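Below is one structure, written out as structure tokens, with a few remarks after it.
Order of the sequence lines sets the chain letters (A, B, ...), proteins ahead of strands, with each chain counted from 1. All of these numbers come straight from a predicted model, not from anything done at the bench.
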There are 2 protein chains.
Amino acid sequence: MKAPRPRLRDVAEAAQTSTKTASRVINGDVRVSASTRARVEQAVVDLGYRPDPLARSLRLGQDETIGVVVDEVGDPFFASVIGEIERMALDRGVSVIIASTRRLAERERIVLDGLLQRRVAGLIIASISDTHAYLRTSPCPLVFIDRAAEDLAADAVVVDDRGGARMAIEHLMRHGHRRIAYIGDRLDTATARYRLAGYRDALEAAGIAPDEDLVAEVEPAKGDAGVAAETLLRLANPPTAIFSANTRCSLGTLPTVHRLRRTDIGFVSFGDFAMADTITPAITIIEHSPELIGRLAAERLFSRLAGEDPPVETILAPLRVVPRGSGELGPA
Amino acid sequence: MKAPRPRLRDVAEAAQTSTKTASRVINGDVRVSASTRARVEQAVVDLGYRPDPLARSLRLGQDETIGVVVDEVGDPFFASVIGEIERMALDRGVSVIIASTRRLAERERIVLDGLLQRRVAGLIIASISDTHAYLRTSPCPLVFIDRAAEDLAADAVVVDDRGGARMAIEHLMRHGHRRIAYIGDRLDTATARYRLAGYRDALEAAGIAPDEDLVAEVEPAKGDAGVAAETLLRLANPPTAIFSANTRCSLGTLPTVHRLRRTDIGFVSFGDFAMADTITPAITIIEHSPELIGRLAAERLFSRLAGEDPPVETILAPLRVVPRGSGELGPA
DNA sequence: CTGTTAGCGCTTTCAA
DNA sequence: TTGAAAGCGCTAACAG
């Protein structure tokens, strides 16, 4: 019952030619006579031949697969990014291997190593690590997302984290806030550092003295954001507004804000999330479309894979404030 | 700069033995003398040798990769399922290829074909298609998730869709509702059919005549759920409660419910989502942990990959009502 | 335009 | 216990 899959040799035999010629036909080589080509094509159809991608990759030293490495697939931001990359990949018939680092540099190393070992054609990476020396001689094109690789000349698609954070704070200040809290990830990543810097920029530009009590850096893995929010709100001199530096923190913070019935507080989230527009008040966000980031990254990668060789570039995905209510609340 | 990666032959040479013996050591074959083994192991370390997974797969006719096929990675339900599968896979050092069907049977076919062609070691599939004849002689173990393959004797991890939906409706009835609307996907999938059936079961058991005006089946791809909700709420004789048959529908419906200021309506969602607990009123759900489904499916697959051969089984992941407010509101 | 030969890196007969 | 040789399915050289 289990017919072994036809091999190229079978096709060649059926078409009364050599494997090489059959191979040529299959790979669209022009230098094959029309009649031979027709015979081979017929044989392919008759036998239901499908080339073996493994053998092909082994021979070519390269795979038709791209790797995508992110913090965590379940993270809504990355889920959207991946969705978009995958869509574009599938349209081109290339498959995608996803892997998560779980925000562990060590794990990132292992995962990337494995992917390289498999000779993926290209890599899209949301790197958690600071050092990419071992990628310097990467045999395949690399596109970084969300955070650029600072020690490597490689393409990246990022947002202006610092500027975006600054925008958020300025937006809140424009609505009268002077005591604005920051809730963000611990500063393992450049992204986190830039966003905090943007927060500080804005305060400084407004001549507001920084108050370290208002800066909460939480462990990304744990659900600490809610605890941090509670601490902030219970301060003797509490903030009148909160800036959440990423979606995960927003998702962690808001339940606490609501539980404490402090929906009067100003709130801006860096990054959108489900229901942000539906809860009351609706959440003002700094929009940085994950789909767009995914698309830009994939486009870049595919263009390199197609042999184009544009200068290495850090592409800035646009960012804008989407006012929805929570960011326009004034201080009490 | 570009040191070619060491091959098994290099290791063998360095250890002054044959490739086969080196191979034996690497694959943990016992029948190798201690001294030879030590030399080979030393060589592996010295050269930084890493076996080529491609060549290995080609030779073995099997890959150390598992495939996961779902509707869409961006779907929060599947994102969580995948996250869990991936976690377990990574722990075992096997990589995961994700692919989406976008709910197109045709695409599912292509995607599965490609995966099989790559000789993946196993497959976890949220199938959108009704026919899996071509999988009957699948060379690798298959575990279906979310919906079982009805024409195939294969493992599956599902929830009791019909019972769960019934639970939801009974819960609403217990709080006084008699006119309960259903919003769910068009009936392409068994899941959708079962959930609608459960809805009907409950009404019938309660002696409530079905009203087809209260049943809205929406196109999963589009954001039709919101429109459907508006239509329902504007009915001359509107429902006092809505049952949303899946997370996507809930995410589509709730913005409309809030926009129309109809948060007085009873609401139960099949499936949890971000902020469900935070919006007002908080959303009562039928909980079916995607993580658990992912874990059960992965466990099953890995146990088969490990050579165990338990009888084919459809595993039912548990389901329960989590009351949070919206499902406990009585009719006006 | 076509075919023969070699070999990608690995594992597996099968004999020593 | 070990090794030589064959070959997984494919494609690149290089003749013809």
A:D29 atom CG is separated from D:dC10 atom C1', nearest whole Å, by 15 Å
Taking for each residue the nucleotide of DNA chain D bearing the nearest heavy atom, is the 5' side occupied by A:D52 or by B:T17? B:T17
B:S33 side chain near D:dT2 phosphate (N/O to OP1/OP2, under 4.0 Å): yes
Listed nucleotide nearest any side-chain atom of A:R7, set C:dG3, C:dC10, D:dG9: D:dG9
Would you please classify the geometry between the A:F144 ring and the A:H132 ring as parallel, tilted or perpendicular, with 30° and 60° separating the classes? perpendicular
Under 4.0 Å between a side-chain N/O of A:S23 and OP1 or OP2 of D:dT11, yes or no? yes
Could you grab the distance from atom CD of B:E72 to atom CZ of B:R103, nearest 0.5 Å is fine? 9.5 Å
Without decimals, in angstroms, what is the distance between B:L58 CG and C:dC8 C1'? 9 Å
Would you say a side-chain N or O of A:T36 is under 4.0 Å from OP1 or OP2 of C:dT2? yes
Options C:dT11, D:dG9, D:dT11, nucleotide nearest the side-chain atoms of A:R56: D:dT11
Is there a donor and acceptor pair, one atom on the side chain of A:R50 and one on the base of D:dG9, closer than 3.5 Å? no
Has the side chain of A:R24 got a donor or acceptor atom sitting under 3.5 Å from an opposite partner on the base of C:dG3? yes
Output yes when at least one side-chain N/O atom of B:T21 is less than 4.0 Å from OP1 or OP2 of D:dG3, else no. yes
Closest to the A:K20 side chain: C:dC8, D:dA12, D:dG3? D:dA12
Between D:dG9, D:dG3, C:dT11, which nucleotide has the shortest distance from any of its atoms to the side chain of B:L8? C:dT11
Identify the heavy atoms of B:L316 and B:V159 that sit nearest to each other, and give their distance. CD1-C, 4.1 Å
